[in-house]
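In each ligand, atom 1 is the first atom listed, and ligand 1 is the first ligand listed. Heads up: numbering here begins at 1 and tracks the sequence.
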Amino acid sequence: MYVVRPAAAAAAAFLGLALSLLGGTAASAAPGTGSPGAPSATTQKRFLGPVVYAHRGASAYAPENTIEAIDRALWMGFDWVENDVQRTSDGELVVIHDDTLARTTNVEQVFPGREPWRVKDFTAAEIARLDAGSWFGPQFAGARVPTLREYMDRVQDNQQRLLLEIKKPEAYPGIEEQTLKLLGELGWLDEKHVSQRLVVQSFSADSVRIVHRLRPDLVTAFLGTPTVADLPRYAEFTDRINPWHTTISADWVKAVHGLRGAHGKAMEVDTWIVDDATTARKVREMGVDGIITNMPDVVREAVGGF
Ligand code: G3P
Ligand code: CA
């Protein structure tokens, strides 16, 4: 099982046809097929550009990790969105980046005296009362911190795809199993979703390893920049290494690509957070497979991603 990138597959099919008309022998141009004669992933990337992920939704244009942010990404033409998952005091999974509610909600006004306003110290009902939009702009007043269930329903309705980050798993024992259980209940662990629409990532190698053990069919990513010497250890349980863009070089990307990951395919690299054209072009030249960005339109304009 491996994530196929449908937009890439369609465009690559066209590319394969074009190459065959030009005298090539592309039997299949789907990414990662490795068919004899198929254009390489490198060739496809050169023509198609990297995959563009809307980080926390289109978070330069709408409040991060809200329904409004993923709707904005859809409106802009992006189907891959990224989010962050944490847990409330009464065990509900919610979508929010910081481990406190202070920066992105009005929690200080609604619940004075509850410092430091940690996500894990509030119930889901309390968090549902918060305004997660006004801090970003008055037009977003009333936006909420979505539960993961609400968020997944909208991703599904929007026919989008999700790069799901398990955030600070050390604070939430069992969050991997709980997240997978919910995804399963919502139909996101069937063959089609697993192969085309879902990647699970974390900064915690232990967390990625747990996800891989619980659901070996899922595509996973480790957030970070392991040394080249350490990469083979990661390849045992993950498919991708997703690094901060300032920490990588073309040689490092090549080293990742040179390894086969947990599903026997060449490992991939999706880098973050790239919000300007110069950096987008730079990481594309390094050969990254995907770019995670708050400004997906800027990246697409710069490198022709999808
Ligand atoms: O997806 C990569 C990125 O989200 C990692 O950093 O802090 O924004 O979760 P952060
Ligand atoms: Ca994240």
Side-chain angles (χ1 to χ4, degrees), residues 3 5 50-67 69-70 72-73 78-87 93-105 118-120 132 135-136 145-148 151-152 155 160-172 175-176 179 183 197-208 211 218-226 234 238-248 252-253 256 267-276 279-280 283 286 288-296 298-299 305:
V3 167
R5 291 165 158 166
V51 176
V52 179
Y53 298 85
H55 180 242
R56 309 180 198 172
S59 59
Y61 308 106
E64 64 185 57
N65 278 326
T66 61
I67 298 296
I70 56 177
R72 183 61 65 105
F78 295 94
D79 57 357
W80 276 104
V81 293
E82 188 262 6
N83 75 357
D84 303 283
V85 176
Q86 299 189 61
R87 189 164 67 203
L93 297 173
V94 288
V95 177
I96 186 167
H97 177 271
D98 296 6
D99 57 1
T100 86
L101 296 151
R103 180 177 63 87
T104 56
T105 77
R118 285 195 195 92
V119 173
K120 68 177 188 176
W135 71 275
F136 191 85
V145 175
T147 64
L148 181 59
Y151 187 96
M152 297 308 301
V155 175
Q160 288 172 297
R161 305 164 208 281
L162 179 61
L163 176 56
L164 183 155
E165 181 183 343
I166 298 178
K167 181 59 83 185
K168 302 215 165 82
E170 56 281 1
Y172 307 106
I175 192 171
E176 298 84 6
T179 301
L183 291 173
R197 298 179 59 183
L198 181 65
V199 177
V200 177
Q201 66 175 357
S202 182
F203 281 101
S204 161
D206 286 343
S207 193
V208 178
V211 170
L218 268 179
V219 176
T220 63
F222 171 70
L223 284 160
T225 318
Y234 290 83
T238 194
D239 306 283
R240 302 182 183 181
I241 307 289
N242 291 354
W244 186 24
H245 72 86
T246 63
T247 65
I248 61 174
W252 184 87
V253 173
V256 177
M267 293 187 86
E268 297 188 8
V269 176
D270 298 328
T271 192
W272 44 273
I273 300 296
V274 176
D275 286 347
D276 68 277
T279 308
V283 297
M286 289 182 192
V288 303
D289 304 278
I291 298 178
I292 303 167
T293 171
N294 302 323
M295 307 182 82
V298 170
V299 171

Which N, O or S atom of Glu82 lies nearest to the Ca ion (ligand 2), by name: OE2

With a 4.0 Å heavy-atom cut-off (strictly under), which part of Asn242 contacts ligand 1: side chain, backbone, both or neither? neither

Counting from 1, what ligand 1 atoms have a heavy atom of Ile292 closer than 4.0 Å? 1 (O)

Should the pair Trp272 and Trp244 be assigned to parallel (<30°), tilted (30 to 60°) or perpendicular (>60°) ring geometry? parallel

Ligand-side contact atoms (ligand 1) for residue partner Gln201, heavy atom cut-off under 4.0 Å: 1 (O), 2 (C)

Numbered in order shown, the ligand 1 atoms found under 4.0 Å of a heavy atom of Phe203 are 5 (C), 6 (O)

Close side-chain approach of Glu268 and Asp239, heavy atoms under 4.5 Å: no

Can you sort out which atoms of ligand 1 are near Arg56, meaning under 4.0 Å from one of its heavy atoms? 7 (O), 8 (O), 10 (P)

Minimum-distance pair of heavy atoms, taken over all atoms of Val94 and Arg87: CG2-N, 4.5 Å

Between Val269 and Trp252, is a side chain to side chain contact (heavy atoms under 4.5 Å, CB included) present by the stated rule, with each step listed? CA-CA 10 Å; Val269 176; Trp252 184 87; 4.1 Å; yes

So which heavy atom in the protein is nearest atom 9 (O) of ligand 1, and how far is it from that ligand atom? Lys167 NZ, 2.8 Å

CD of Gln201 to CG of Asn83, rounded to nearest 0.5 Å, is 9.0 Å

Correct closest heavy-atom pair for Val256 and Met267 would be O-CB, 3.4 Å

N/O separation below 3.5 Å, Trp272 to ligand 1: no

Identify the closest protein heavy atom to atom 3 (C) of ligand 1: which residue and atom is it, and at what distance? His55 NE2, 3.4 Å

Out of all atoms in ligand 1, which are within 4.0 Å of some heavy atom of Glu82? Include the element for each. 1 (O), 2 (C), 3 (C), 4 (O)

Between Thr271 and Pro243, which heavy-atom pair has the shortest distance, and what is it? OG1-O, 2.7 Å

Identify the heavy atoms of Gly290 and Tyr53 that sit nearest to each other, and give their distance. CA-CE1, 4.0 Å

For Asp84, take its heavy atoms, then give the atoms of ligand 1 lying under 4.0 Å from any of them. 9 (O)

Pull out every atom of ligand 1 sitting under 4.0 Å from any heavy atom of Glu165, numbered as shown with elements. 4 (O), 5 (C), 9 (O)

For the Ca ion (ligand 2), find the closest N/O/S atom on Glu165 and give its atom name. OE1

For the residue pair Gln86 and Tyr172, what are the closest heavy atoms and their distance? OE1-OH, 2.7 Å

Heteroatom of Asp84 nearest to the Ca ion (ligand 2) (N, O or S, atom name): OD1

Counting only heavy atoms closer than 4.0 Å, does ligand 1 sit against the backbone of Leu223, its side chain, both, or neither? side chain

Would you mind running through ligand 1 and noting each atom that sits below 4.0 Å from a heavy atom of His97? 7 (O), 8 (O), 9 (O), 10 (P)

So which atom in Leu218 and which in Leu198 form the shortest heavy-atom distance, rounded to 0.1 Å? CD2-CD2, 3.6 Å

